[in-house]
Amino acid sequence: MIDPKRIAGLAWLAALRKDADLMSLAAANARRQAAENRVRALDTAAAEARAVAEGQTDPAFLAAQEGFARWTAARRSVLMQDLDTATSRAAAARAMAARSFGRCQALDTARQRIAGQIAGRRGHAQSGKT
């Protein structure tokens, strides 16, 4: 027979692991959101710069605008890599959290089943004594 204390200990450890995985998931989601915010802010700045540049004829201004456009394109490429990395890490953290939830549910089910079996045996043993 499975020791109920051992199952309770495993359930406790699984709950700790689940909490740690949930914290990792929250941190990964925060990093992903921050990366999305940086891309969005860069896109907004680039759009505003293009809007300001419309109708400009000053060669120095247009050269600066072109330099800024090249910089934003390069920076966006780096930020998109960061976003891709953050997204994949968030997906991995989500999978780990889901696995931890599953373990906790399985151990809780096993613990309840064992507790029911023990209670059934006690009830059966007590009814046989009378």
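As the structure is a prediction and not an experimental result, all values here were calculated from the model.
The distance from the CD1 atom of I7 to the CG atom of D3 is 8.5 Å, given to the nearest 0.5 Å. Note that the CG atom of N29 and the CD atom of E36 stand 9.5 Å from one another [nearest 0.5 Å]. Atom CZ of R70 is separated from atom CD of Q65 by 10.5 Å, given to the nearest 0.5 angstrom. Rounded to the nearest 0.5 angstrom, T85 OG1 and R89 CZ are separated by 6.0 Å.
E54 has no carboxylate O lying under 4.0 Å from a charged side-chain N of R50, or vice versa, which leaves the two without a salt bridge.
The shortest non-hydrogen separation linking A28 to A93 is CB-CB, 4.1 Å.
Taking 4.5 Å as the limit, some side-chain heavy atom of L42 sits within range of a side-chain heavy atom of W71.
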Without placing hydrogens or testing angles, list every side-chain donor-acceptor pair under 3.5 Å for residues 109-116, not counting sequence neighbours.
from : atom 1 : to   : atom 2 : distance (Å)
T109 : OG1    : Q105 : O      : 2.9
R111 : NH2    : D108 : OD1    : 2.7

Show which side-chain atoms of residues 75-84 pair as donor or acceptor with protein atoms under 3.5 Å away, not counting sequence neighbours.
from : atom 1 : to  : atom 2 : distance (Å)
R76  : NE     : D43 : OD1    : 2.7
R76  : NE     : D43 : OD2    : 3.4
R76  : NH2    : D43 : OD2    : 3.1

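Every side-chain hydrogen bond (donor to acceptor under 3.5 Å, both in side chains) that Q33 has, sequence neighbours left out, goes to N37.
Using a 4.5 Å cut-off between side-chain heavy atoms of Ile, Leu, Val, Met, Phe, Trp and Tyr, with links allowed through other members, V39 and F68 fall into the same hydrophobic cluster.
When the shell of 6.0 Å around CZ of F61 is examined, it contains more than 12 heavy atoms from other residues, nucleotides or ligands.
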